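Proteins come first, then strands; the chains are lettered A, B, ... in the order of their sequence lines, and each starts at number 1. Computed from heavy atoms alone, side chains included, the values below leave out hydrogens, waters and symmetry copies. Not measured: the values here are computed from a predicted model.
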Amino acid sequence: MTDADLPAFRAALLDWYAAHGRDLPWRRTRDPYPIWVSEVMLQQTTVAAVVPYWERFLEAFPTVEALAAAPESAVLRLWEGLGYYSRARNLHAAAKAVVERGEWPRSVEGLRDLPGVGRYTAGAVASFAFGLPAPIVEANTLRLYARLLAYRGDPRSSAGQAALWDFAERILPPSPSESGESGSGVDPGLVNQAVMELGGTVCTVKEPRCGECPVSDWCGAFTTGLQSEIPLPKARPKITEVTEATVAVRRADGAVLVRQRDADERWAGLWDFPRFEPPSELTTNVPTLDARQPALPLGDGDTPLLAWLSTAVQEQTGVRCEVGAGLLEIRHGVTRYRIRLLCYGGTRLGGRLRSGATMRWIQPAALTDLPLSKTGRQFATRLADLSWEGDSP
DNA sequence: AATTCGGGGAA
DNA sequence: TTCCCAGAATT
């Protein structure tokens, strides 16, 4: 596509977007705060997954000041289930920075200084909220631009990224200052929304609907029949299988022991039951859930693991306990992991909580207020349902 | 340049 | 199941 084609390209794109663009809630505002929240939530996350989170989040924290003033655990609780929790921690830190600063950075460079804001997110907020001519490249536009350019190399390589970002900048409407005239009158943010929408709904990964594409005349892949060859697919990560074990230690009053995960751990800031990755020889003989339905009776296969867990709990928390109830087995696939999580109940025998770590005895019903991981929430829900009354579990 | 991040949805 | 997702930060 030559520069001479760009006005017609933009016109066809924007006409199509006006007719077919989705009415997404964050497209109804130019306030940088809700736009920024949406962009961070949408990092590596589908629109369908984000919408309900975005609505709840904005209801809880309507302004950047409200977010900055909130406890981090409240932010993480609202993020629970979205994954990639460093996004929530960075969002919170960035809100504090904006409030401290007194105003939003109004440039790509300024926005990029905020934690959790990279090249894409900075360009998105700059163009959507402030109408700046800032380019964007993300999953949808990577695919669209690679096809428009008929880019045969790896679009994720540095050479590929350079080509795509260059194209992303080239298609933006000239600003008044650049053209030295009155400008095109076209909003760069609208062009960016339109290319993402086109990439997301027409220029799809599989079976792109080129017949419905408003810019197929300018598409190098379409005109050469290479739609299904471009872009090169992302390399698939190898799957790692892990077996973990976790213990809900119960005190006499029914409270269970939880700890807040440290800043240098995965799930930093979230709460969790004492959780371990035991030596594999202790878990390989533990019967599977299917092998001992309907209940989870303990057998000889569990015994060495239970003893190991008892020691591990004491080392981690200071609490002495007897581990003695099979409560739940969770199979959880996430990112590149396939996890088998063995969940046991234990009874406190004595000992004091180790100082230095953040730990708490809490009634199972009250766990609803703490941010937990996906599997932690499943276990917590089971504990609350069990009522788990009576003597030693 | 490669890896981590430990979630969900659609097909 | 598999593949992908409005990426960023770290190593």
**Prompt:** Base, sugar-phosphate alone, or nothing: which one does A/E244 contact when heavy atoms must sit under 4.0 Å apart?
**Reply:** base
**Request:** Give the nucleotide from the list C/dA6, B/dG7, B/dT4 with an atom nearest to the side chain of A/Y84.
**Result:** B/dG7
**Item:** Under the ring-ring contact (aromatic ring centres under 6.0 Å, His included) test, residues paired with A/W165 that sit two or more places apart
**Value:** none
**Request:** Using a 4.0 Å heavy-atom cut-off across all strands, classify A/A139 as base, sugar-phosphate, or nothing.
**Result:** sugar-phosphate
**Item:** Selection from C/dA6, C/dC4, B/dG7 that lies nearest to any side-chain heavy atom of A/V205
**Value:** C/dC4
**Request:** May I ask you to say what A/T335 touches in the nucleic acid, namely base, sugar-phosphate or nothing, with a heavy-atom cut-off under 4.0 Å?
**Result:** base
**Prompt:** Nearest to the side chain of A/A48, which nucleotide is it out of C/dA9, C/dA6, B/dG9?
**Reply:** B/dG9
**Asked** Does a nitrogen or oxygen in the side chain of A/Y337 sit under 4.0 Å from OP1 or OP2 of B/dC5?
**Response** yes
**Request:** Could you state the atom-to-atom distance from NZ of A/K238 to P of B/dT3 in whole Å?
**Result:** 7 Å
**Prompt:** Does B/dT4 have OP1 or OP2 sitting under 4.0 Å from an N or O in the side chain of A/R266?
**Reply:** no
**Message:** Measuring to OP1 and OP2 of C/dA8, would you say a side-chain N or O of A/R119 lies under 4.0 angstrom away?
**Reply:** no
**Asked** Rounded to the nearest Å, what distance is computed from the CD atom of residue A/Q43 to the C1' atom of nucleotide B/dG9?
**Response** 18 Å
**Asked** Looking at the side chain of A/R27, which of B/dG7, C/dG7, C/dA6 is the nearest nucleotide?
**Response** C/dA6
**Request:** Look at all strands and tell whether A/R338 reaches a base, only sugar-phosphate, or nothing, counting heavy atoms closer than 4.0 Å.
**Result:** sugar-phosphate
**Prompt:** When you measure from the side chain of A/Y85, which nucleotide among C/dT1, B/dG7, C/dG7 comes out closest?
**Reply:** B/dG7
**Stepwise side-chain hydrogen bond (donor to acceptor under 3.5 Å, both in side chains) test for A/T141 and A/E138** = CA-CA 5 Å; A/T141 42; A/E138 38 64 79; 2.3 Å; yes
**Prompt:** On a whole-Å scale, what distance lies between the P atoms belonging to B/dT3 and C/dA6?
**Reply:** 24 Å
**Message:** At less than 4.0 Å, is any side-chain N or O atom of A/Q44 found next to OP1 or OP2 of C/dG7? Yes or no.
**Reply:** yes
**Request:** Determine yes or no for a side-chain-to-main-chain donor-acceptor pair under 3.5 angstrom, with A/R266 supplying the side chain and A/R261 the backbone.
**Result:** no
**A/R89 CZ to C/dA9 C1', straight-line distance once rounded to whole Å** = 11 Å
**Message:** Using a heavy-atom cut-off of 4.0 Å across all strands, would you classify A/S157 as base, sugar-phosphate, or nothing?
**Reply:** nothing
**Any A/S38 side-chain N or O less than 4.0 Å from OP1/OP2 of C/dA6** = no
**Message:** Counting only side-chain heavy atoms from C-beta out, which of B/dG8, B/dT4, C/dC3 sits nearest to A/K374?
**Reply:** B/dG8
**Item:** Carboxylate-amine/guanidinium contact A/R101 A/D113, below 4.0 Å
**Value:** no
**Message:** I need the CH2-P distance between A/W267 and B/dT4, as an integer number of Å.
**Reply:** 16 Å
**Prompt:** Looking for any heavy atom pair under 4.0 Å, which part of the strands does A/W26 touch: base, sugar-phosphate only, or nothing?
**Reply:** base
**Message:** For A/E39 and A/G116, find the nucleotide of DNA chain C closest to each by heavy atoms; which residue's nucleotide sits nearer the 5' end?
**Reply:** A/E39
**Asked** Counting any heavy atom closer than 4.0 Å, what does A/V117 reach on the DNA or RNA strands: base, sugar-phosphate only, or nothing?
**Response** sugar-phosphate
**Request:** Whole angstrom is fine here: how far is it from CZ in A/R236 over to P in B/dT4?
**Result:** 17 Å
**Request:** Using a cut-off of strictly less than 4.0 Å, decide whether A/S373 has a side-chain nitrogen or oxygen near OP1 or OP2 of B/dG7.
**Result:** no
**Request:** Decide whether A/E329 and A/T288 meet the rule of one side-chain donor and one side-chain acceptor closer than 3.5 Å.
**Result:** no
**Prompt:** Hey, is the side chain of A/Y120 pairing donor to acceptor with the base of C/dG7 inside 3.5 Å?
**Reply:** no
**Prompt:** Does one side chain, of A/T283 or A/R340, offer a donor that lies under 3.5 Å from an acceptor on the other?
**Reply:** no
**Message:** Nearest to the A/L24 side chain among C/dA6, B/dG7, B/dC5, which nucleotide is it?
**Reply:** C/dA6
**Prompt:** Which part of the nucleic acid, if any, lies within contact of A/V242, taking any heavy atom under 4.0 Å across all strands shown: a base, the sugar-phosphate backbone alone, or nothing?
**Reply:** base
**Asked** Within less than 4.0 Å of OP1 or OP2 of B/dG7, is there a side-chain N or O belonging to A/R87?
**Response** no
**Rounded distance in Å between the P positions of C/dA8 and B/dG9** = 22 Å
**Request:** Say whether, by atom type as modelled, one donor and one acceptor occur between the side chain of A/R259 and the main chain of A/D272 under 3.5 angstrom.
**Result:** no
**Message:** Using whole Å, what does the distance between atom P of nucleotide B/dC5 and atom NZ of A/K234 come to?
**Reply:** 16 Å
**Asked** Just how far, in rounded Å, is P of C/dA6 from CG of A/L198?
**Response** 13 Å
**Request:** In sequence, state the C-alpha distance, the side-chain angles, and the governing distance for A/W361 and A/L353, and then conclude on side-chain contact (heavy atoms from CB on, under 4.5 Å).
**Result:** CA-CA 10 Å; A/W361 292 97; A/L353 297 184; 3.8 Å; yes
**Asked** Contact class for A/T141 (heavy atom, under 4.0 Å): base, sugar-phosphate, or nothing?
**Response** nothing
**Message:** Which is more 5' along DNA chain B, the nucleotide nearest A/K206 or the one nearest A/T45? Just name the residue.
**Reply:** A/T45
**Asked** Which part of the nucleic acid does A/Q193 contact within heavy-atom distance under 4.0 Å: base, sugar-phosphate only, or nothing?
**Response** base
**Item:** Protein-nucleotide distance (A/L82, atom CG; C/dC5, atom P), rounded to Å
**Value:** 17 Å
**5'-most by nearest nucleotide on DNA chain C - A/P115 or A/L42** = A/L42
